[in-house]
Amino acid sequence: MAQVSVTVTVDDEHVRAITDVAAALRDRGMHVEQVLGTVGAVTGSVPQELRQSLSDVVGVAHVSGETRVQLPPPDAPVQ
Amino acid sequence: MIEPDRPSDEQRQQERSQPQLGTAQTTGRYLVVFADTDGDPRPLLQSVTGLTHVASSRDFDDQRVDTSETAEADATIFAELGIAVVTVDPEQLGALQTAAEARGAIVATAPELIHHVLTSPVGGGTREPAEPRWRDNDRLTWGLQAVNAATSSYSGRGVKVAVLDTGLDATHPDFAGRTITAQSFVPGETAQDGHGHGTHCIGTACGPESPTDGRRYGVAYEAEIFAGKVLSDQGSGTDSSILAGINWAVSHGCAVISMSLGAEATAPHPPYSYAGRRALVQGTLIIAAAGNNASRPGDPGFVGAPANSPDIMAVAAVDSQLSIAPFSARSLPGRGGQVDVAGPGVAVYSSWLMPAKYQTIDGTSMATPHAAGVAALWAQATGRTGLELWATLAKESQRLAELSADVGSGMVHVID
């Protein structure tokens with residue numbers, strides 16, 4: 001099963017209960033790496049075929065794939 | 001000497017004390033501005049000028065002043081504004097400006113102007129650069145001069161500034177003795193900068209008043225530094241590291257987060273949109289680079305993520321002529337996709353990894369920490385945070401002869 005990185009954003013009503021949301025995400029098969037209570041996000045990974053089901057968890061506003069940012073190499077003139 | 005083209009301090013002082021009226025018509029009456037709006041200024045006004053007919057907005061229901069009733073009055077006080085319109089002779093005016101009892105209570109007097117409906121200009125406007133050109137000198141980078149950090153009395157003291165980037169070179173002597181909280185959110189790496197980008201950005205936002213070598217390059221030289229490493233020594237980072245850095249900075253009460261990073265996405269990335277809004281309501285303003293994906297004049301590019309989130313401020317780069325940089329990304333049409341302000345982002349000199357120590361480079365990455373540093377000075381000057389701080393940066397930015405789609409409300413600028 002291919003694991004994909006995900007960022008789950010918790011809705012406003014459930015930010016205070018983010019640990020409960022994280023527990024429910026674990027029950028759905030997500031490997032939770034970080035529970036970020038101040039910004040209201042849970043990060044981690046999940047098998048690709050289970051990703052869709054995370055959206056059904058109560059308190060979840062968004063399930064996003066992980067984007068990467070990349071700076072130019074240190075000797076590039078434009079940073 | 002900073003710039004030969006600039007007016008001297010004396011000239012500027014004179015302009016301040018004697019507003020230039022140009023061809024504006026005046027009514028012969030004067031406006032008097034009181035220091036506060038709490039008390040009743042009527043007794044003071046009467047005793048200094050000897051005027052007897054003084055009307056006040058507090059005499060009217062709902063403070064709706066009926067001008068037909070105040071026409072006969074020598075003075076009308078608009079109590080909530082702390083301003084009075086007075087009919088006085090030169091001697092009385094002099095008393096308002098110099099009387100001992102007025103000192104401190106009256107902050108300004110000015111002739112009442114006659115305003116007209118604005119008419120259309122005749123002929124087409126010409127595009128003239130109204131701004132002076134800037135250059136680095138022995139004491140200061142051009143960027144510090146352009147944002148007025150060089151003359152401002154504010155230093156960022158008492159303000160926490162987070163820079164989420166590749167970390168900081170802790171061996172750099174210019175940061176010795178500073179209050180620095182460093183934390184890595186990159187698995188397997190310490191907060192030590194192995195790239196240079198983070199040390200450059202922290203230098204611009206928070207570098208020292210007196211560097212160990214060369215000219216000053218840091219805006220908020222007494223700010224408390226939070227160096228969050230969210231990008232690896234190879235310059236790459238993930239949402240989880242960046243969000244963890246934001247979470248950390250907000251939790252520590254940072255007034256400003258500077259993020260010179262981005263991905264080339266035209267749609268706002270929901271995690272940043274939520275994080276930006278939640279940071280803002282908790283008093284943390286996130287300032288991010290608009291992006292370097294333009295290749296002007298042919299391709300104006302677009303504002304990438306996270307700067308295209310509605311509650312994250314996007315910063316464009318301008319050069320020392322105050323022209324848009326060829327690489328600086330233009331506003332996207334959607335909500336949040338706009339450039340909000342601009343900062344110095346071409347030929348920016350700042351700290352770099354030892355032993356190189358200093359480096360001069362370009363990028364919206366370099367403009368962003370200028371804006372963050374200026375935000376820290378405004379936070380110190382006004383006590384404002386969050387959306388109020390955002391509004392202050394936008395309101396006070398210096399308008400440029402460039403498209404608003406490219407530079408937003410203009411060059412970030414701090415008060416003296």
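So you know, we letter chains A, B, ... as the sequences are listed, proteins then strands, and number each from 1.
B:A279 does not touch chain A: none of its heavy atoms, backbone or side chain, sits under 4.5 Å away. Only the backbone of B:Q234 has a heavy atom closer than 4.5 Å to any heavy atom of chain A. Contacts between B:L231 and chain A at a heavy-atom distance below 4.5 Å involve the side chain alone, from C-beta outward. Within the 4.5 angstrom heavy-atom criterion, no atom of B:S273 approaches chain A. Both the backbone and the side chain of B:H195 come within less than 4.5 Å of a heavy atom of chain A. Within the 4.5 angstrom heavy-atom criterion, only side-chain atoms of B:I242, from C-beta onward, approach chain A. Heavy atoms of A:T43 lying under 4.5 Å from chain B belong exclusively to its side chain. When heavy atoms are compared at a cutoff of 4.5 Å, A:V42 does not approach chain B at all. Neither the backbone nor the side chain of B:W248 comes within contact range of chain A, judged by heavy atoms closer than 4.5 Å. Using a 4.5 Å cut-off between heavy atoms, A:Q34 contacts chain B through its side chain alone, with no backbone atom that close.
Aromatic ring orientation, B:Y358 versus B:H172: perpendicular (interplanar angle above 60°, classes split at 30° and 60°).
In terms of heavy-atom pairs under 4.5 Å with chain A, the best-connected choice from B:A275, B:S365, B:P270, B:G196 is B:P270. Put simply, of A:D11, A:T7, A:D12, A:V8, the one with the most heavy-atom pairs under 4.5 Å next to chain B is A:D12. In terms of heavy-atom pairs under 4.5 Å with chain A, the best-connected choice from B:G363, B:P271, B:A263 is B:P271.
A 6.0 Å sphere centred on CD of A:E13 holds more than 12 heavy atoms belonging to other residues, nucleotides or ligands.
With hydrogens and angles disregarded, no donor-acceptor distance shorter than 3.5 Å links the side chain of B:R278 to the backbone of A:T38. Remark: the backbone N or O of B:G198 is paired with a side-chain donor or acceptor of B:D165 at under 3.5 angstrom. Between the side chain of B:S232 and the main chain of B:S236, a donor-acceptor pair closer than 3.5 Å is present.
When only modelled atom types and interatomic distance are considered, B:Y272 and B:N308 share no side-chain donor-acceptor pair under 3.5 Å.
Across B:D169, B:D174, B:D193, a single residue satisfies side-chain hydrogen bond (donor to acceptor under 3.5 Å, both in side chains) together with B:T199, and that is B:D193.
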Q.
Run the side chain to side chain contact (heavy atoms under 4.5 Å, CB included) test on B:V315 and B:H370 for me, step by step, so that the C-alpha distance in whole Å, both residues' side-chain angles and the decisive distance to 0.1 Å come before the verdict.
A. CA-CA 9 Å; B:V315 185; B:H370 276 106; over 6 Å; no

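To the nearest 0.5 Å, the span separating OG1 on B:T166 from CD on B:Q192 amounts to 10.0 Å.
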